[in-house]
Peer 1: 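A single structure is presented below for examination.
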Number of protein chains: 2
Amino acid sequence: MKFSTRTTYGLRALIKLSEKFGKNNVSLASISRDEHISLKYLEQIFSSLKKANLVKSEKGATGGYSLVKKPEEITIFEIIEILEKDMNLFRCIDQHGKVNCNFKCNCGATKVLINVQRAINDTLKGMSLKDLI
Amino acid sequence: MKFSTRTTYGLRALIKLSEKFGKNNVSLASISRDEHISLKYLEQIFSSLKKANLVKSEKGATGGYSLVKKPEEITIFEIIEILEKDMNLFRCIDQHGKVNCNFKCNCGATKVLINVQRAINDTLKGMSLKDLI
DNA sequence: AAAATACCTACTGTTTTAGTTGGTATTTAA
DNA sequence: TTAAATACCAACTAAAACAGTAGGTATTTT
Ligand code: FES
Ligand code: FES
């Protein structure tokens with residue numbers, strides 16, 4: 001199990017934005033330089049974040065991205081849900097812990113997996129960008 | 001992010017063993033039938049579990065696998081650590097939360113990621129097989 | 001002797017990941 | 001008004017990881 005680089009880079013970039021919240025825009029070029037992340041890849045990542053309405057953007061020479069909400073209002077769960085393509089931790093269970101099995105077997109084990117999924121979700125929902133700066 | 005089928009199947013199989021703890025062996029053939037999991041794949045999974053000394057085995061017609069420890073002494077973290085090939089959730093950080101960056105950049109963001117890693121680890125260490133039956 | 005089990009090693013098709021490539025559109029500053 | 005800096009968009013691709021399969025051998029019970 002590993003978080004994708006999308007998520008990892010996204011988290012790191014959003015921390016930059018948190019630090020500048022209420023002040024400057026942050027350009028992807030500057031993040032790319034500071035964090036050694038491909039600019040083009042950052043663009044893709046921020047495309048997702050913008051679609052999900054977590055960040056807003058301005059074009060032009062003084063442009064860049066900024067957070068739409070306060071850092072303390074953005075949970076780590078929320079970010080991961082946007083950037084990680086597949087948050088179904090286990091087969092037979094959807095993101096919200098509902099059984100969805102191909103075999104319709106409804107074996108008891110799914111209850112276990114649901115508990116693990118929920119425990120991790122709750123942990124991530126309890127952490128915000130603010131907590132982490 | 002998704003747990004591999006190795007881990008998912010392994011967890012489901014270990015629940016079977018927990019139910020029979022102190023009683024019968026459980027054969028992989030029976031798990032394969034009940035849970036619709038490839039027998040050959042289960043063999044690989046149990047090879048890892050045995051090497052890690054989580055289960056023991058007996059050959060022959062009445063053979064099969066059984067837990068070495070009580071279900072309440074086996075944490076979900078422990079199982080996942082054995083079966084999941086890569087438990088480094090993020091780049092630049094090892095399993096135990098130590099910074100290990102290719103760029104030697106030691107950027108502040110790693111502290112964030114360490115916190116996420118630790119929170120998830122602690123959650124999984126707090127759950128045992130017993131809790132889940 | 002037959003059946004059931006564990007055990008071992010190598011291989012393989014598919015999917016996912018982690019980007020790259022090559023552009024266009026908008027805004028600011030010289 | 002031109003150049004530079006930014007965001008924005010779509011398609012492609014090499015490499016890695018995943019999820020098994022294949023083909024056996026060894027041991028124990030019935
Ligand atoms: S195989 Fe999906 S719930 Fe049992
Ligand atoms: S790039 Fe690895 S710690 Fe910053």
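Just so you know, these numbers use all the heavy atoms, side chains as well, and skip hydrogens, waters and symmetry mates. Throughout, protein chains are lettered first and strands after them, A, B, ... in sequence-line order, and every chain is numbered starting at 1.
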Peer 1: Please identify each residue that fulfils side chain to side chain donor-acceptor pair (under 3.5 Å) with B/T5, with sequence neighbours left out.
Peer 2: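 In terms of side chain to side chain donor-acceptor pair (under 3.5 Å), with neighbours along the sequence ignored, B/T5 is linked to B/Y41.
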Peer 1: Can you give me the N/O atom pairs linking the protein to nucleotides 12-14 of chain D at distances under 3.5 Å, or say none if there are none?
Peer 2:
none

Peer 1: Counting only non-hydrogen atoms, which of residues 17-25 of chain A are less than 4.0 Å from DNA chain D?
Peer 2: none
Peer 1: Expressed in angstrom and rounded to an integer, what is the separation of B/K56 atom NZ from D/dT28 atom P?
Peer 2: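 Distance check: B/K56 NZ to D/dT28 P gives 16 Å.
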Peer 1: Mind checking salt bridge (Lys or Arg N to Asp or Glu O under 4.0 Å) for B/K2 and listing every partner two or more places apart, or none if nothing turns up?
Peer 2: A/D86
Peer 1: Can you build the contact string for nucleotides 5-18 of chain C? Use B for base contact, S for sugar-phosphate-only contact, and - for no protein heavy atom under 4.0 Å.
Peer 2: BSBB-B-------B
Peer 1: If an axis is fit to five pairs at each end of the helix from C/dA1-D/dT30 to C/dA30-D/dT1, what is the angle between the two, to the nearest 10°?
Peer 2: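 End-to-end axis angle for the helix from C/dA1-D/dT30 to C/dA30-D/dT1: 10°, rounded to 10°.
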Peer 1: Would you confirm whether B/E58, through its side chain, and B/G64, through its main-chain N or O, come within 3.5 Å as a donor-acceptor pair?
Peer 2: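 No: the side chain of B/E58 does not pair with the backbone of B/G64.
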Peer 1: If you define the side chain from C-beta out and look only at heavy atoms, does anything of A/L17 sit under 4.5 Å from A/N25?
Peer 2: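 Of all side-chain heavy-atom pairs linking A/N25 with A/L17, none is under 4.5 Å.
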Peer 1: May I have all residue pairs that pass side chain to side chain donor-acceptor pair (under 3.5 Å) and include part of residues 67-83 of chain B, sequence neighbours excluded?
Peer 2: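 Only B/K69-B/E78 qualify under side chain to side chain donor-acceptor pair (under 3.5 Å).
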Peer 1: Sequence neighbours excluded and cut-off under 3.5 Å, please list the side-chain donor-acceptor pairs for residues 124-133 of chain B, or say none.
Peer 2:
{"unit_1": "B/S128", "atom_1": "OG", "unit_2": "B/K130", "atom_2": "N", "d": "3.2"}
{"unit_1": "B/S128", "atom_1": "OG", "unit_2": "B/D131", "atom_2": "N", "d": "3.2"}
{"unit_1": "B/S128", "atom_1": "OG", "unit_2": "B/D131", "atom_2": "OD2", "d": "3.4"}
{"unit_1": "B/D131", "atom_1": "OD2", "unit_2": "B/S128", "atom_2": "N", "d": "2.9"}

Peer 1: Please identify each residue that fulfils side chain to side chain contact (heavy atoms under 4.5 Å, CB included) with B/A29, with sequence neighbours left out.
Peer 2: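 Applying side chain to side chain contact (heavy atoms under 4.5 Å, CB included) to B/A29 gives B/S27, B/R33.
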Peer 1: Give a yes or no on whether the backbone of B/L28 and the side-chain of B/S32 come within a donor-acceptor separation of less than 3.5 Å.
Peer 2: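 Between the backbone of B/L28 and the side chain of B/S32 there is no qualifying donor-acceptor contact (under 3.5 Å).
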Peer 1: Using side chain to side chain donor-acceptor pair (under 3.5 Å) as the criterion, list what pairs up with A/T123, not counting sequence neighbours.
Peer 2: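 Side chain to side chain donor-acceptor pair (under 3.5 Å) list for A/T123, sorted by chain: B/T123.
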Peer 1: Pairs under 3.5 angstrom only: tabulate donor-acceptor contacts from the side chains of residues 43-57 of chain B to other protein residues two or more places apart or in another chain.
Peer 2:
{"unit_1": "B/S48", "atom_1": "OG", "unit_2": "B/R6", "atom_2": "NH2", "d": "2.9"}
{"unit_1": "B/K50", "atom_1": "NZ", "unit_2": "B/S57", "atom_2": "OG", "d": "3.0"}
{"unit_1": "B/K56", "atom_1": "NZ", "unit_2": "B/S66", "atom_2": "OG", "d": "3.4"}

Peer 1: For the residue pair A/E35 and A/K16, establish whether any side-chain heavy-atom pair is separated by less than 4.5 Å.
Peer 2: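 The answer is yes, as the side chains (C-beta and beyond) meet within the 4.5 Å cut-off.
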Peer 1: In this structure, how many angstroms lie between the P atom of D/dC18 and the CD1 atom of B/I45, rounded?
Peer 2: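 In whole Å, D/dC18 P and B/I45 CD1 are 13 Å from each other.
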Peer 1: Applying ring pair (Phe, Tyr, Trp, His ring centres under 6.0 Å) as the test, list every pair that has at least one member in residues 75-94 of chain A; sequence neighbours left out.
Peer 2: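 Residue pairs passing ring pair (Phe, Tyr, Trp, His ring centres under 6.0 Å), neighbours aside: A/F90-B/F3.
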